[in-house]
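Since the structure comes first, as structure tokens, the remarks are kept for the end.
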Amino acid sequence: MKQGDRLPLDQLPEVARRVRLDVLDMTYRAQSGHPGGSFSATEALVTLYFRHLRVDPARPQWEDRDRFVLSKGHCSPAMYAILAARGFFPRSELVGFRRLGHMLQGHVDLKVPGVDFSAGSLGQGLSFANGVALGLRMAGKDARVYCMMGDGEQQEGQVWEAAMTAAHHKLDTVCAILDYNKVSQTGFVNDNKKLEPLADKWRAFGWHVVVVDGHDVKALDKAFEEAHTVKGMPTIVISDTKKGGGVSFMALKSDYHGRALTDDEMKRAHAELGVPDWQPPAKGGA
Amino acid sequence: MGGAPTAPSQAKDGLPVRDGYGKGLVALGKANPKVVALDADLQDSTRAQWFQKEFPARFVQMGIAEQDMMGTAAGLASTGLIPYASSFAIFTERGFEQVRNTIARTNANVKLAGSHGGIQIGEDGSSAQCIEDIAIYRALPNMAVLVPGDAREAEAMVQALAAHQGPSYMRLTRNKVPFVHPEGMAWKLGQVETLKDGNDVAILACGPLLHEALQAHEALAREGLNARVLNVSTIKPLDAAAVVQAAKACGAVVTAEDHNVMGGLGSAVSEVLGEQHPVPIERVGVRDTFGESGTPAQLYEKYGLTARHVAEAARKAIARKGKR
């Protein structure tokens with residue numbers, strides 16, 4: 001992204017706040033979807049899309065664009081909200097999320113302008129990102145490939161196959177983001193099957209590892225700058241976050257992995273996000 | 001076709017079908033710079049190594065990681081390249097869900113090649129004897145499923161597939177199969193080829209069973225029975241009109257394949273005829289059982305995949321005509 005196109009860092013928290021409101025609205029209208037993992041990913045996604053990704057909303061298939069692969073594809077609400085905010089499609093599409101005949105599929109899908117990878121099955125995004133990076137390298141292009149993974153999917157063996165592939169082929173245009181939000185569908189990830197020592201594992205697999213507070217846009221911004229300077233090896237930004245982060249009662253609760261909030265929860269969440277007078281939207285909005 | 005430096009000298013009577021893949025891939029690589037190849041540490045066996053030697057910068061070594069290979073191939077395809085990803089048929093199944101979600105679902109332009117398919121692989125035994133790949137890949141929307149009958153057909157097929165936009169699975173075999181096609185044959189996706197004419201029974205075969213079907217044709221001819229022999233190398237999209245036409249002309253059908261009788265060519269043909277033109281049908285194939293170690297010839301005898309078994313099935317199908 002050119003310097004002039006970048007949103008100033010101090011404006012990103014406000015963008016993140018609006019993304020969280022969109023996520024709540026989309027999942028509430030759909031009465032399904034994944035708010036918890038969308039919230040933990042919000043600052044990293046906002047920092048990427050408003051400060052780093054070289055993309056052009058008017059030309060979503062521009063061949064020199066940077067690619068973004070959302071491997072944790074269930075966190076589509078956050079990504080769709082951000083793509084709409086960046087102008088890839090009208091904001092009015094957001095109300096059609098998960099509805100028959102509408103564009104915004106439950107998991108991120110290539111049907112949506114700005115989406116480079118159809119996700120939904122965990123552990124598969126990094127392999128795809130590597131393939132894109134290899135293809136761009138063969139074509140002599142310098143575009144970068146970002147891939148956001150969840151912590152739960154670190155339990156998938158394919159992630160580590162792909163980790164070896166990126167290191168072996170010295171894919172320094174690949175920058176992974178690990179949204180380490182600690183919680184999966186049924187509880188704490190490290191209770192289900194221990195990931196730690198996670199940063200050491202990635203280092204041992206030949207990656208440059210940066211660990212940051214994943215709700216701090218300044219820290220994330222610096223990490224992505226650093227990734228840009230690393231040559232000869234891929235970089236992973238381990239983004240230390242909280243599932244449901246941004247709304248106090250949702251934080252670190254697996255209950256908010258895959259359901260819409262109740263009316264009462266919506267009121268309380270909106271109040272925390274600066275909207276004290278939330279009312280349920282009229283039915284059948286779209 | 002030139003340019004397969006490490007290819008074994010052409011046997012006059014036949015070649016392993018996988019050799020056709022390697023040869024065709026090298027020729028295609030010369031003609032089309034967008035073609036790239038991937039393999040999971042079996043490229044000497046699958047013959048993708050012939051491409052690797054010719055175009056090292058366009059070959060991606062994946063190591064023994066088939067799930068990762070499927071995703072990487074899809075990523076390469078998304079940049080406009082045409083990736084050919086090969087492994088043993090059985091090990092492509094290791095990445096089946098990846099093929100399903102990352103390749104077939106998005107109609108990615110990835111060409112899969114599963115070598116060493118069927119019980120024809122022989123001595124390696126049941127773990128390697130893939131008898132269900134046609135069934136599982138056929139069940140995926142968007143996926144074309146192809147089984148060449150000899151090395152020459154594989155060679156033509158691998159080149160023709162580059163012009164087909166979308167995913168495909170090509171099933172190859174390890175051991176030598178006699179040629180049933182002339183050198184330099186033309187091949188077209190979805191085309192059913194008539195190798196022998198006849199009106200008493202139609203034998204629809206693919207892969208190494210095509211040769212067995214031709215031998216069965218000779219045996220039946222000595223008894224005064226005229227068997228039509230069709231090469232159905234495109235299992236999907238199946239040319240239903242050609243299948244129905246053969247059934248109408250002959251009134252009885254035999255299918256023959258080195259695959260489980262469930263889900264493969266026999267099932268595909270039965271589905272079409274059951275809906276459009278029911279006639280007696282006999283399926284030659286592995287009868288829903290796993291294989292074992294042995295020579296290909298021994299295994300084909302034991303599991304009922306020889307010309308004799310095809311001819312027996314033909315007699316049975318003919319005898320059933322008009323008895324329903």
Side-chain angles (χ1 to χ4, degrees), chain A residues 60-69 71 73 105 107-112 115-141 143 145 147 149 153 156-171 173-174 205, chain B residues 29 32-41 51-52 55-85 87 91 94-112 140-142 166-167:
Chain A
Q61 294 300 313
W62 176 35
E63 60 179 32
D64 291 328
R65 72 190 185 281
D66 289 344
R67 268 61 163 191
F68 178 71
V69 173
S71 189
Q105 301 296 300
H107 293 77
V108 290
D109 195 285
L110 287 166
K111 292 186 185 84
V112 180
V115 171
D116 292 316
F117 174 69
S118 283
S121 177
L122 292 174
Q124 300 192 23
L126 189 57
S127 299
F128 183 88
N130 290 339
V132 174
L134 284 163
L136 291 171
R137 178 196 278 176
M138 287 178 193
K141 295 187 183 299
V145 186
C147 173
M149 295 180 284
E153 65 179 318
E156 292 278 11
Q158 188 185 349
V159 167
W160 302 98
E161 294 181 3
M164 281 193 273
T165 297
H168 180 84
H169 291 284
K170 300 184 169 57
L171 296 178
T173 53
V174 169
F205 273 72
Chain B
N32 190 337
K34 287 190 178 304
V35 170
V36 297
L38 307 87
D39 201 290
D41 194 28
F51 181 95
Q52 179 189 18
F55 310 104
R58 289 155 62 188
F59 177 83
V60 184
Q61 172 60 264
M62 294 306 304
I64 307 170
E66 296 80 11
Q67 301 173 41
D68 187 36
M69 177 168 76
M70 300 309 175
T72 305
L76 284 160
S78 86
T79 69
L81 295 170
I82 308 173
Y84 282 69
S87 183
F91 303 136
R94 180 68 164 262
F96 176 71
E97 194 259 349
Q98 284 76 3
V99 173
R100 191 264 185 202
N101 266 323
T102 302
I103 294 176
R105 191 169 62 104
T106 60
N107 205 30
N109 198 21
V110 173
K111 319 300 180 186
L112 299 176
L140 295 178
N142 294 336

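The sequence lines fix the lettering, A, B, ..., with proteins before strands; numbering per chain opens at 1. Hydrogens, waters and symmetry mates are skipped; everything else that's a heavy atom, side chains included, is used.
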Side chain to side chain contact (heavy atoms under 4.5 Å, CB included) evaluation trace for A:Leu134 with B:Val60: CA-CA 9 Å; A:Leu134 284 163; B:Val60 184; 3.8 Å; yes

Test side chain to side chain contact (heavy atoms under 4.5 Å, CB included) applied to A:Phe117 and B:Thr106, step by step: CA-CA 9 Å; A:Phe117 174 69; B:Thr106 60; over 6 Å; no

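Heavy atoms closer than 4.5 Å to chain B are found in the side chain of A:Leu110, but not in its backbone. For B:Glu97, the parts lying near chain A are the backbone and the side chain together; criterion is any non-hydrogen pair under 4.5 Å. Residue A:Ala133 does not touch chain B at all, counting heavy-atom pairs closer than 4.5 Å. Neither the backbone nor the side chain of A:Asp116 comes within contact range of chain B; no heavy atoms are under 4.5 Å apart. Of the two parts of B:Ala57, only the backbone, made up of N, CA, C and O, holds a non-hydrogen atom closer than 4.5 Å to a non-hydrogen atom of chain A. Contacts of B:Arg100 with chain A are absent, with no heavy-atom separation under 4.5 Å from either backbone or side chain. Neither the backbone nor the side chain of A:Ala139 comes within contact range of chain B, judged by heavy atoms closer than 4.5 Å.
Contact between A:His169 and B:Gln61 at its shortest, heavy atoms only, is NE2-O, 3.4 Å.
The list of side chain to side chain donor-acceptor pair (under 3.5 Å) pairs with a residue in residues 72-82 of chain B, not counting sequence neighbours, is empty.
Among the candidates A:Ser121, A:Ser127, A:Ala119, the residue making the largest number of heavy-atom pairs closer than 4.5 Å to chain B is A:Ser127. Most heavy-atom pairs under 4.5 Å with chain B: of the set A:Gly120, A:Gly123, A:Gly135, this distinction falls to A:Gly135. Counting heavy-atom pairs closer than 4.5 Å to chain A, the top-ranked of the candidates B:Gly95, B:Ala65, B:Gly80, B:Ala108 is B:Ala65.
The shortest distance between side-chain heavy atoms of A:Trp160 and B:Asp68 does not fall below 4.5 Å. Side-chain contact check for B:Met62 versus A:Asn130: every heavy-atom pair is 4.5 Å or farther apart. Between A:Glu161 and B:Ile64 there is no side-chain heavy-atom pair separated by less than 4.5 Å.
When the shell of 6.0 Å around CZ of A:Arg137 is examined, it contains more than 12 heavy atoms from other residues, nucleotides or ligands.
The distance from the CD atom of B:Gln98 to the CD atom of A:Gln158 is 4.5 Å, given to the nearest 0.5 Å. Atom-to-atom distance recorded for B:Ile103:CD1 and A:Phe128:CZ is 10.0 Å, nearest 0.5 angstrom.
A donor-acceptor pair under 3.5 Å is formed between the side chain of B:Arg105 and the backbone N or O of A:Ser118.
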